[in-house]
Engineer: 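Pasting in a structure now, in structure tokens, and then I'll have a few things to ask.
Reckoned from all heavy atoms, side chains included, excluding hydrogens, waters and symmetry mates. Convention: sequence-line order gives letters A, B, ...; per-chain numbering from 1.
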2 protein chains.
Amino acid sequence: MKLSTKGRYGLRAMIDIGMFSTEEKVSIKSIAERQHISENYLEQLIALLKKAKLVTSSRGARGGYSLSRASDKISLGEILRALEGDLNPVDCVTNNKDNVCEDSDSCATKFVWKKISDSINEVVNNITLKDLVDEQFEIDHLTQEAHIG
Amino acid sequence: MKLSTKGRYGLRAMIDIGMFSTEEKVSIKSIAERQHISENYLEQLIALLKKAKLVTSSRGARGGYSLSRASDKISLGEILRALEGDLNPVDCVTNNKDNVCEDSDSCATKFVWKKISDSINEVVNNITLKDLVDEQFEIDHLTQEAHIG
DNA sequence: GTTATATCCTAGTAAATGAGTTGGAATTAA
DNA sequence: TTAATTCCAACTCATTTACTAGGATATAAC
């Protein structure tokens, strides 16, 4: 019941892009340095974000990534689902033919998994990337002040 | 972000014990048969439930397991935590020294993981085993009727 | 038009985890 | 005494995780 590094690193990458892509494209190298994540691995995570059309890229020198939409139009749910797949604790909640136990319609636990799933999605669908970018700017600002003071 | 079979099978085992331990002790063998779970594997899951003092056992012939408390005094949260460990999506939410990334105090994502964690625990702490046992009796009853009618 | 800086793409790999299996010791009701 | 049961530890096999490695392709700047 844990998120993998895909979700954790990938979200940090998205916040990073949200913070720094206003002026120019953000390169994988610069994200990797700021976030202390392996460049090659980050590349794969950002590929997932690109596939989900959450970021756009430009190749070649001075290329890099930027958000495909304004940060307040990107939900945390979209980001996490792009990185981790659906956020259901158990597959029988979605009606994919495979991975479903044979008795799923006659099993009381199904209702439980649905409730958990709903509550997770309720949370993540109502937080935007902008919320997180703003929060991170705020934290960095306070940390900066603490260093000065 | 998926529950393992520990959580899924283990919960089904708890519901099963809740349904059938009113009269006599419930053996692993009988649970395994009803729930279609490997006996040997189930043994290990029930060991976790016993360690968490959610079930009591008696050994020897006609031995087996029963609930350690009334089913309405056992929450789903206790059961899942016994089987799966804490239900936080990311370890930095709890302040264990290990597994915590170095910047966890200055990371906007921490608030997100906390919110998800809180919402999951809100759900599971407010469902009791009795709710699930009743639900399962109801489902079985309806299924039975469908077969008759 | 060359070069440095990027993204893009595929394959490999070592360690951990998941989901069991195997085999036997200890206990107890009948 | 025996059959049924819990208890316990070790082993196994497949999958997933978290990377690493290496090269192809594109492009801005000189």
Engineer: A/Lys53: what forms a salt bridge (Lys or Arg N to Asp or Glu O under 4.0 Å) with it, not counting sequence neighbours?
Structural biologist: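 A/Lys53: no salt bridge (Lys or Arg N to Asp or Glu O under 4.0 Å) contacts found.
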
Engineer: Excluding sequence neighbours, so at least two apart, what forms side chain to side chain donor-acceptor pair (under 3.5 Å) with B/Ser58?
Structural biologist: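 Listed in chain order: nothing, the list is empty.
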
Engineer: Can you list the residues that meet the salt bridge (Lys or Arg N to Asp or Glu O under 4.0 Å) rule with B/Asp16, with sequence neighbours excluded?
Structural biologist: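 Checked B/Asp16 against salt bridge (Lys or Arg N to Asp or Glu O under 4.0 Å); matches are B/Arg34.
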
Engineer: Just by protein heavy atoms under 4.0 Å, how would nucleotides 4-14 of chain C read 5' to 3' in B, S and -?
Structural biologist: BBSBBB-B---

Engineer: Going 5' to 3' along DNA chain D, which nucleotides are the first and last within contact of chain A (any atom under 4.0 Å from a heavy atom)?
Structural biologist: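 Span of nucleotides near chain A: D/dA18 to D/dA29.
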
Engineer: Residues two or more places apart in sequence or in another chain: which of them pass salt bridge (Lys or Arg N to Asp or Glu O under 4.0 Å) with A/Lys2?
Structural biologist: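 Applying salt bridge (Lys or Arg N to Asp or Glu O under 4.0 Å) to A/Lys2 gives B/Asp86, B/Asp91.
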
Engineer: What's the CG-P distance between B/Leu83 and C/dG18, to the nearest Å?
Structural biologist: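 Taking atom P of C/dG18 as the reference, CG of B/Leu83 is at 13 Å.
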
Engineer: First locate atom CD1 of A/Ile15, then atom CG of A/Asp134, and finally report the distance between them rounded to the nearest 0.5 Å.
Structural biologist: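 Those atoms lie 11.0 Å apart.
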
Engineer: For C/dG18, does either OP1 or OP2 sit under 4.0 Å from a side-chain N or O belonging to B/Thr5?
Structural biologist: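 Checking C/dG18 against B/Thr5, no side-chain N or O comes under 4.0 Å of OP1 or OP2.
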
Engineer: Sequence neighbours excluded, which residues qualify as side chain to side chain contact (heavy atoms under 4.5 Å, CB included) partners of A/Ser38?
Structural biologist: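 If we apply the side chain to side chain contact (heavy atoms under 4.5 Å, CB included) test to A/Ser38, skipping adjacent residues, the hits are A/Asn40, A/Tyr41.
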
Engineer: What is the distance, to the nearest angstrom, from the CD atom on B/Glu39 to the C1' atom on C/dT22?
Structural biologist: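 Distance check: B/Glu39 CD to C/dT22 C1' gives 13 Å.
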
Engineer: Can you list everything that forms a salt bridge (Lys or Arg N to Asp or Glu O under 4.0 Å) with B/Asp140? Sequence neighbours excluded, please.
Structural biologist: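 Scan of B/Asp140 (salt bridge (Lys or Arg N to Asp or Glu O under 4.0 Å), adjacent residues dropped) gives none.
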
Engineer: Provide the full list of salt bridge (Lys or Arg N to Asp or Glu O under 4.0 Å) pairs with a residue in residues 61-70 of chain B, sequence neighbours left out, each pair given once.
Structural biologist: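 Residue pairs passing salt bridge (Lys or Arg N to Asp or Glu O under 4.0 Å), neighbours aside: B/Glu24-B/Arg62, B/Arg69-B/Glu78.
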
